[in-house]
A.B. asks: 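Mind having a look at this structure? Questions to follow.
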Amino acid sequence: MTLLVLGLVLFLGVHSVRVVADRWRSATIARLGEGPWKGVYSLVSLAGLALVVWGYSLVRQDPVLLWTPPVAMRHLASLLVLLAFVLLVAAYVPRNHIKNRLRHPMVLGVKLWALAHLLSNGNLADVVLFGSFLVWAVLSFRAARQRDDAAALAPGPLSHSSLRATAVTGALGVAAWAGFAVWGHSAWIGVSPWGV
């Protein structure tokens, strides 16, 4: 559990700098330059992610069960993760209406992903991992919306190109979700999302 917690502190900590110390972040980037900042940021993120993966894999070998979620939670989790995939794709497809409207679809996707996994898993390691990501996503989204409000950002108008981009976003999100649900989750995580 120590490695998992340390990894979460590093990974989510570096991703929280803008939430808790935005002025310090801006001053540090101005002093060091954007390249060195991104380099250090990436190294700390990768180290944290590696520790999260390693720590979680170790803790899963000797699980501590807190509760047994009902089978229906798997189906609800699948739906939430489907929406999370669409939101994740929306962060990268230019001019889509989802990003235009929500502004921060990736963080919302992380929220849904973490919530889905909390609902469908009852082990201590799952609560620590997904609970940490959920708390981070809630705080990060709130801080991002406050920055948007301070900058008086408003959604742009809906156009034909944004409708096409939104359709592409939805199709890519569903395809990515299907591929991961059918093959990737079992192959990489070692668990079938539907328990079969």
Side-chain angles (χ1 to χ4, degrees), residues 1-22 24-25 28 36-71 73-85 87-89 91-92 104-144 176-177 179-196:
M1 186 65 77
T2 304
L3 290 175
L4 174 59
V5 171
L6 178 58
L8 287 167
V9 168
L10 286 175
F11 186 80
L12 295 178
V14 76
H15 283 85
S16 299
V17 171
R18 193 159 191 200
V19 176
V20 297
D22 197 25
W24 175 84
R25 174 186 173 272
T28 304
W37 169 264
K38 285 184 176 179
V40 171
Y41 184 97
S42 298
L43 285 174
V44 174
S45 293
L46 286 172
L49 183 60
L51 286 171
V52 166
V53 171
W54 185 22
Y56 184 68
S57 68
L58 291 175
V59 175
R60 282 178 61 199
Q61 294 174 15
D62 191 18
V64 176
L65 185 65
L66 300 177
W67 71 86
T68 302
V71 174
M73 288 297 106
R74 288 186 195 151
H75 304 295
L76 178 57
S78 265
L79 175 61
L80 292 175
V81 173
L82 167 60
L83 296 173
F85 266 90
L87 289 169
L88 177 65
V89 172
Y92 295 100
H104 308 282
M106 181 180 287
V107 178
L108 288 173
V110 171
K111 264 192 201 183
L112 287 180
W113 167 81
L115 177 61
H117 285 79
L118 278 174
L119 291 174
S120 60
N121 295 285
N123 290 328
L124 177 61
D126 298 314
V127 172
V128 171
L129 176 64
F130 301 115
S132 298
F133 271 94
L134 182 58
V135 169
W136 171 82
V138 168
L139 296 175
S140 184
F141 186 75
R142 187 180 72 177
W177 168 82
F180 194 71
V182 170
W183 177 80
H185 203 280
S186 297
W188 297 336
I189 313 298
V191 176
S192 170
W194 298 298
V196 292

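These numbers were taken from a predicted model, which means no experiment stands behind them. Sequence positions, counted from 1, serve as the residue numbers for this chain.
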A.B. asks: Just jot down the side chain to side chain contact (heavy atoms under 4.5 Å, CB included) partners of P70, sequence neighbours excluded, or say none.
C.D. replies: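 With neighbours one apart ignored, the set is M73.
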A.B. asks: Test of understanding: with side chain to side chain contact (heavy atoms under 4.5 Å, CB included), list the residues that count as partners of L108, not counting sequence neighbours.
C.D. replies: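 Testing L108 for side chain to side chain contact (heavy atoms under 4.5 Å, CB included), a comparison that skips the adjacent residues, returns L87, L102, K111, F141.
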A.B. asks: With salt bridge (charged side-chain N to carboxylate O under 4.0 Å, His left out) as the rule and sequence neighbours excluded, what pairs involving residues 37-60 come up?
C.D. replies: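 Qualifying pairs: E34-K38.
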A.B. asks: To the nearest 0.5 Å, how far apart are CG in L65 and CH2 in W67?
C.D. replies: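 Reported to 0.5 Å precision, the distance equals 9.0 Å.
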A.B. asks: Holding to salt bridge (charged side-chain N to carboxylate O under 4.0 Å, His left out), I want the full list of residues that pass it with R18, two or more places apart in sequence or in another chain.
C.D. replies: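 Partners of R18 by the salt bridge (charged side-chain N to carboxylate O under 4.0 Å, His left out) criterion, ordered by chain and then number, come out as D22.
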A.B. asks: Report the residues that fulfil ring pair (Phe, Tyr, Trp, His ring centres under 6.0 Å) with W54, sequence neighbours left out, ordered by chain and then residue number.
C.D. replies: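 With sequence neighbours excluded, W54 shows a ring pair (Phe, Tyr, Trp, His ring centres under 6.0 Å) to no residue whatsoever.
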A.B. asks: Who are the ring pair (Phe, Tyr, Trp, His ring centres under 6.0 Å) partners of W183, not counting sequence neighbours?
C.D. replies: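 W183: ring pair (Phe, Tyr, Trp, His ring centres under 6.0 Å) contacts with W188.
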A.B. asks: Enumerate donor-acceptor pairs with a distance under 3.5 Å from any side-chain N or O in residues 126-140 to protein atoms, sequence neighbours excluded.
C.D. replies:
residue: D126; atom: OD1; partner: Y56; partner atom: OH; Å: 2.4
residue: S132; atom: OG; partner: V128; partner atom: O; Å: 2.6
residue: W136; atom: NE1; partner: H15; partner atom: O; Å: 3.3
residue: W136; atom: NE1; partner: S16; partner atom: OG; Å: 3.4

A.B. asks: Residues two or more places apart in sequence or in another chain: which of them pass side chain to side chain contact (heavy atoms under 4.5 Å, CB included) with V40?
C.D. replies: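 Side chain to side chain contact (heavy atoms under 4.5 Å, CB included) list for V40, sorted by chain: V44.
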A.B. asks: In residues 115-125, what donor-acceptor pairs under 3.5 Å come from side-chain atoms, sequence neighbours left out?
C.D. replies:
residue: H117; atom: ND1; partner: W113; partner atom: O; Å: 2.7
residue: S120; atom: OG; partner: A116; partner atom: O; Å: 3.0
residue: N121; atom: ND2; partner: H117; partner atom: O; Å: 2.8

A.B. asks: I would like to know whether V52 and L4 meet side-chain contact (heavy atoms from CB on, under 4.5 Å); could you show each step before the answer?
C.D. replies: CA-CA 5 Å; V52 166; L4 174 59; 4.0 Å; yes
A.B. asks: Where do Y92 and L88 come nearest, in terms of heavy atoms and distance?
C.D. replies: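 Closest heavy-atom pair between Y92 and L88: CD1-O, 3.3 Å.
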A.B. asks: What pair of heavy atoms forms the shortest contact from V14 to S45, and how long is it?
C.D. replies: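 So the two residues come closest at CG1-OG, 3.2 Å.
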A.B. asks: Where do V17 and W37 come nearest, in terms of heavy atoms and distance?
C.D. replies: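 Smallest interatomic distance, heavy atoms only, reads CG1-CH2, 4.1 Å.
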A.B. asks: Under the side chain to side chain donor-acceptor pair (under 3.5 Å) rule, collect the residues that match up with H104, sequence neighbours excluded.
C.D. replies: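 Expected list: D148.
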A.B. asks: Show the nearest heavy-atom pair for residues A143 and V19, with the distance to one decimal.
C.D. replies: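 Nearest pair, atom of A143 first, then V19: CB-CG1, 4.0 Å.
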